[in-house]
S.K.: 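First, the structure itself, so that you have it in front of you.
Whatever order the structure lists them in is the order used to number ligands and atoms, beginning at 1. Here the structure is a predicted model, which is why all the values come from computation and not from measurement. Quick note: residue numbers are just sequence positions, from 1.
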Amino acid sequence: MSKLLIAANWKMNKTNSEAKRWLTEFKAFANLEEINKKIDVVICPGFHSLSVLQLLLFSSTLRFGAQDVSKFESGAYTGEVSAKQLAGLAKYVILGHSERRKYFGETNDDVIEKINQCQKNFLTPIVCISDLEQVRATASYQTEVNNHQMVIAYEPLFAIGSGQADTPENADETALGVKEILGENTKVIYGGSVDEENAVEFVKERNIEGLLVGTASLDVQQFIKIITRINFEL
Ligand code: PGA
């Protein structure tokens, strides 16, 4: 089994002081050295907190991710943040989240351009998809570029923020479908109402190698329970 990736997607939550409090508590309670043997833990705060949290970084084993990036390289794009600007602050970037597709009209083509920006700047994209059509759109591009690491997060629309997670069996089937399209070495993670009760069942599935956790990651103790349970039971 390859190393699991468990990412906390804070979405548009937490001021800098709340973010610092979360990380300080995480540092006090989580045995990250131990956990890191099996799990890469990635925290994805808002852009405003990335450098603040970097300063608090207590261990090189914890990674940060951004929640989006510009599809443009640089220049007159007010409000945008480029992959080059993120490069020293994050290792991962969540792309194409269904909330971005829904509220900001993001298309598969936008996502492809963003993947390209990430890969040029050695950032690993975590590309969110809610069906295999979106994977195929990405795959048609992926063959043209280098095979830089990319993570796919399967997040069914009904499961996001609803408290109704998909079944681990369904999620595993979709994860297998992703691997059939993009290659079996593609890391596929599951997201959508993951909590401390269901987290282990997802990562026990053969084709699921991690989780993208929204709501349950906002509470540091809940997030710690998720990663420590997985570490203990797997
Ligand atoms: P949720 O969000 O865990 O609150 O369902 C997951 C996500 O949208 O990434």
S.K.: Check ligand 1 against Leu212 and write out every atom of the ligand that is under 4.0 Å from a heavy-atom position of the residue.
M.R.: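 By the 4.0 Å cutoff, the relevant atoms are 9 (O).
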S.K.: Can you list the atoms of ligand 1 that are under 4.0 Å from a heavy atom of Gly192?
M.R.: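 Those atoms are 5 (O).
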S.K.: Other residues, nucleotides and ligands only: do more than 12 of their heavy atoms fall within 6.0 Å of CD on Glu169?
M.R.: yes
S.K.: Looking at Lys91, I'd like to know if its NZ atom is crowded, meaning that more than 12 non-hydrogen atoms belonging to other residues, nucleotides or ligands lie closer than 6.0 Å.
M.R.: yes
S.K.: Is there side-chain contact between His48 and Lys14, with at least one heavy-atom pair below 4.5 Å?
M.R.: no
S.K.: Would you mind running through ligand 1 and noting each atom that sits below 4.0 Å from a heavy atom of Ile160?
M.R.: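 The atoms of ligand 1 under 4.0 Å from a heavy atom of Ile160 are 5 (O), 8 (O).
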S.K.: Would you mind running through ligand 1 and noting each atom that sits below 4.0 Å from a heavy atom of Thr215?
M.R.: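 In order of number, 1 (P), 3 (O), 4 (O).
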S.K.: List every atom of ligand 1 that sits less than 4.0 Å from any heavy atom of His97, numbering the atoms from 1 in the order shown and giving each element.
M.R.: 7 (C), 8 (O), 9 (O)
S.K.: Using the six-membered ring wherever Trp is involved, compare the ring planes of Phe202 and Tyr190 and label them parallel, tilted or perpendicular (cut-offs 30° and 60°).
M.R.: parallel
S.K.: Please list, in number order, the atoms of ligand 1 under 4.0 Å from a heavy atom of Ala159.
M.R.: 5 (O)
S.K.: Treating Ile, Leu, Val, Met, Phe, Trp and Tyr as nodes and any side-chain heavy-atom pair under 4.5 angstrom as an edge, say whether Ile189 and Val42 lie in one connected cluster.
M.R.: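 Ile189 and Val42: one cluster.
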S.K.: Just need the protein heavy atom nearest to atom 2 (O) of ligand 1, so name the residue and atom and give the distance.
M.R.: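 Nearest protein contact, heavy atoms only, for atom 2 (O) of ligand 1 is Lys11 NZ, 3.3 Å.
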S.K.: Give yes or no for whether the N/O distance cutoff of 3.5 Å, strictly under, is met between Ser193 and ligand 1.
M.R.: yes
S.K.: Give the residue, atom name and distance (to 0.1 Å) of the protein heavy atom nearest atom 3 (O) of ligand 1.
M.R.: Gly214 N, 2.9 Å
S.K.: Give the atom numbers and elements of ligand 1 that come within less than 4.0 Å of a heavy atom of Gly161.
M.R.: 1 (P), 4 (O), 5 (O)
S.K.: Can you find a non-hydrogen atom of Ala216 under 4.0 Å from ligand 1?
M.R.: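 The answer is no: ligand 1 sits nowhere under 4.0 Å from a heavy atom of Ala216.
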S.K.: Is Gly191 close enough to touch ligand 1? Criterion: a residue heavy atom under 4.0 Å from a ligand atom.
M.R.: no
S.K.: Taking the six-membered ring for Trp, are Trp22 and Trp10 parallel (under 30°), tilted (30 to 60°) or perpendicular (over 60°)?
M.R.: perpendicular
S.K.: Check this for me: Phe158, atom CZ, are more than 12 non-hydrogen atoms of other residues, nucleotides or ligands nearer than 6.0 Å?
M.R.: yes
S.K.: Near Glu155, which atoms of ligand 1 are under 4.0 Å from a heavy atom of that residue?
M.R.: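 Reading through ligand 1 atom by atom, the close ones are 6 (C), 7 (C), 8 (O), 9 (O).
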S.K.: Using side-chain heavy atoms (C-beta onward) and a distance below 4.5 Å, is Val111 in contact with Gln134?
M.R.: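 SC-SC contact between Val111 and Gln134 ruled out.
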S.K.: If only side-chain N and O atoms count, and only distance matters, is there a donor-acceptor pair under 3.5 Å linking Thr107 with Asp110?
M.R.: yes
